[in-house]
Each structure stands twice: as structure tokens, then as C-alpha cells.
Asks: 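I'd like to ask some things about the structure below.
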There are 2 protein chains.
Amino acid sequence: MLRVDSIDQLIVSQLVADARSSYAEIGKVVRLSAPAVKRRVDRLLDRGILRGFTAVVDAEALGWGTEAFVEVHCRGNISPGQIRQRLEPLAEVVAAYTVSGAADAIVHLRAADIHHLEDALERLRAVDIIDRTVSTVVLSTLLERSPAPEPHDTAH
Amino acid sequence: MLRVDSIDQLIVSQLVADARSSYAEIGKVVRLSAPAVKRRVDRLLDRGILRGFTAVVDAEALGWGTEAFVEVHCRGNISPGQIRQRLEPLAEVVAAYTVSGAADAIVHLRAADIHHLEDALERLRAVDIIDRTVSTVVLSTLLERSPAPEPHDTAH
DNA sequence: CCTGAAAAGTGAACGCC
DNA sequence: GGCGTTCACTTTTCAGG
């Protein structure tokens, strides 16, 4: 796996800021011709560093006004794959992670309103491998952003 | 504020799946001409339903291999704005929410490795308004996706 | 990196419920 | 009038040289 140089990082930043900007526009920032930028973007996609391009939607405007984080505690020893398989069919699950600590997983839920959230929680708790859940309702979003292209080393 | 009809929903889905697909390509799916699609996309952007377009980056490939969720407990009565203001300068904070329950906020952190995470947590705990934190390290990502364009009503 | 043909973006004019 | 379509024009893409 080859290096991602500083120009690649700048290209990624540009695309994170606006996935629809043209290669020429990116080229102006990184001082490269449009075809050169395209070749680098294609390579970043090939290598999986860029996974794709997506639209950022206002969940609230689309009617998903309520969200919650749910600690999930499972019965016995369950594999991550088993949890994933049971969570995937629930449309309200927007993210899920296995975690260290007391809980087995953290599930990020999105619902239309509190009633819909309650309904989603009920269906989540009905999953056979799930023992109990602890939910935390989100009151407001303070911040949401992509990580910088390179973690700047602060420790040295 | 006017309705988002089923064609708008389909357009949003298409753009979430691939933000770089052409208007003509989207038009083929929704059975509309390219200019008609562009007009709808512009309107969705104007209304804030579409907030923009971004690249999906593989955080791991870029060296952000470790993440954690941190419950933040503040001293006294702190406004969301004050919390936001203190979290914004920390590059490792990718998301933050005020929440109901015991904690005041949940912070989603991304770091290069455990050492970097420890360092970021130290700087987070050093924030003057923060009393104490409870962190949960992510072991694996099970699922990460956008909500569907329309919350299908399950309750009625 | 440059060049040129093909494709996409974009605004205007026009027609249809 | 809102919304879609076609047309004309510009910009961008993208495959060789």
C-alpha cells in the first residue's frame, strides 16, 4: 500500500468539502492539471481511501427529527456478525458499533418523532440476542464533521 | 414550505448513493429530463433538504484507526453553545450531541491510535466546563448508513 | 501535460395541465 | 403559474499523443 502524499490529502479535503467540484477546480487548488487530478482521484478510489461520494441530507427536513444512542447488552457470547445481521433490517439504525466496556454495542437510531423512536426501540429490544438496552435521546446536534485527511501528531 | 414528493425522494436517494452521478443519469431513473432534475436538485439545495455533497473517506486508511464515544458531564448549567464552542477546536471531535439523561453531551472522537486517543481525551478533560468523562472505545463498526428519504410510518 | 471529440452542465424559450 | 421539455451554448470529462 503506497503513501498518500500531501497533494492527495488536499484533493481529499476538497472532495469532502464539495464532492461535485470539477477536477479543474481541484487542480487550481493543488496546482495540477485536471487530468492529473482525475488520475489521483481514480487511484484513491481504487485503493479504497475514497469510498465514494454522497449527498448530505438534512435528516430533520426529511422527517427524521429524533435520534438516540442505545447501549445494547446481549445474552451470552455473540459474534459481531450476528449482531450486524439482526440490526441491518431495522431502517431506524443509522450506525452501530461493537464497543469495549459494559455494553456489547452502541446503536445510533433515527426516527420521525418520539413515538416512532419508541416503536423502533421496541423492535430493537425484541431482537432475540438482545438482553437489555439503555437509551439516550439526543436533544441537539452540536457538531458533525469529517475527520481531517491526516491525524496531526500531537504527541512528541 | 412545500412538500418533498416521491420524485424528490428518489433523486435524494440517487444522490446519497452517488453524489457524482449526472443529472441525465438520475433523470433516467426518475423518468425526467436532465434540466428538470437539475431544477429539483437546486430547489432541494435552496430549501436546505440537501445540505451539500461530500466524499466518503476510509478513516482507517487515512490513519484514523481508533474511535470512541465519550459521555461528557459538565459543571453547573452550561448552554449547548458554550459546549459547542469548546469542542470545535479539538480536531479529534467528529460529532457531538447534547443528550437527555445523566450526561450532558455525547462526543464522538476519532484518533490515529490508542495513544492519540488518550491524548485527545486528556485535552477534552482539560476543557474548563467539563467535570468528568466516561469513554467507550469502539472495537468495530457494524453498520453506517444514511436514513431513508422518508420515514415509513409503522405506527397506525 | 496537451489536444480534441464526446458528454454533462446550464440558461432560455416554449408548451401543457 | 408551476413544472417539464427541447434547444443552444459553455464547460468538463477523458482517451490518446
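Labels below follow one simple rule: chain letters A, B, ... track the order of the sequence lines, proteins then strands, and each chain is numbered from 1. Treat the numbers as computed from the prediction; the structure is a model and nothing was measured.
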Asks: Roughly, in whole Å, what's the span from CG in A:D42 to P in D:dC14?
Replies: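 These atoms are roughly 8 Å apart.
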Asks: For the pair made of CZ in B:R43 and C1' in D:dG2, what is the distance, rounded to whole Å?
Replies: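 Those two atoms, CZ and C1', are 9 Å apart.
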Asks: Let me know the distance between CD1 of B:I7 and P of D:dG2, rounded to the nearest Å.
Replies: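 After rounding, the reported distance stands at 18 Å.
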Asks: Quick check: does any side chain N or O of A:S100 sit under 3.5 Å from a backbone N or O of B:T136, one acting as donor and the other as acceptor?
Replies: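 Not confirmed, A:S100 side chain does not pair with B:T136 backbone.
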Asks: In whole angstroms, how far is the C1' atom of D:dC3 from the CD1 atom of B:I11?
Replies: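 Atom CD1 in B:I11 sits about 12 Å away from atom C1' in D:dC3.
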Asks: Give the rounded distance in Å between these two atoms: CZ of A:R39 and C1' of C:dC2.
Replies: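 After rounding, the reported distance stands at 12 Å.
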Asks: At 4.0 Å (heavy atoms only), tell me whether B:A34 reaches a base, stays on the sugar-phosphate, or touches nothing.
Replies: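 Touches nothing.
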Asks: Rounded off to whole Å, could you give me the CG-to-P distance for the B:L32 and D:dG4 pair?
Replies: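 B:L32 atom CG is separated from D:dG4 atom P by 5 Å.
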Asks: Start with the C-alpha distance between B:H116 and B:W64, add both sets of side-chain angles, then the distance that settles side-chain contact (heavy atoms from CB on, under 4.5 Å), and finish with yes or no.
Replies: CA-CA 10 Å; B:H116 182 190; B:W64 297 87; 4.2 Å; yes
Asks: Using salt bridge (charged side-chain N to carboxylate O under 4.0 Å, His left out) as the criterion, point out the one residue from A:R39, A:K38, A:R40 that pairs with A:D42.
Replies: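 Single salt bridge (charged side-chain N to carboxylate O under 4.0 Å, His left out) partner of A:D42 among A:R39, A:K38, A:R40: A:K38.
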Asks: Side-chain N or O of B:K38 less than 4.0 angstrom from OP1 or OP2 on C:dG9?
Replies: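 Looking at the OP1 and OP2 atoms of C:dG9, neither is under 4.0 Å from any side-chain N or O of B:K38.
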Asks: CG of B:L45 versus P of C:dG9: gap in Å, rounded?
Replies: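 It works out to 14 Å between those atoms.
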Asks: Measure from the side-chain heavy atoms of B:S33 and tell me the nearest of D:dT5, D:dC14, C:dG9.
Replies: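 Among D:dT5, D:dC14, C:dG9, the one nearest the side chain of B:S33 is D:dT5.
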Asks: Report the relative orientation of the aromatic rings in B:F69 and A:F69; use parallel for angles under 30°, tilted for 30 to 60°, perpendicular for over 60°.
Replies: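 Tilted: the ring planes of B:F69 and A:F69 meet at 30° to 60°.
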Asks: Just N and O in the side chain of B:Y23: are any of them under 4.0 Å from OP1 or OP2 of C:dT10?
Replies: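 Checking C:dT10 against B:Y23, a side-chain N or O does come within under 4.0 Å of OP1 or OP2.
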Asks: From CZ of B:R20 over to P of C:dG9, roughly how many Å is that when rounded to an integer?
Replies: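 It is 10 Å, rounded to the nearest whole Å.
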Asks: What contact category does A:S22 fall into here, base, sugar-phosphate, or nothing, at under 4.0 angstrom with non-hydrogen atoms?
Replies: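 Sugar-phosphate: the residue A:S22, judged by heavy atoms under 4.0 Å, touches backbone atoms but no base.
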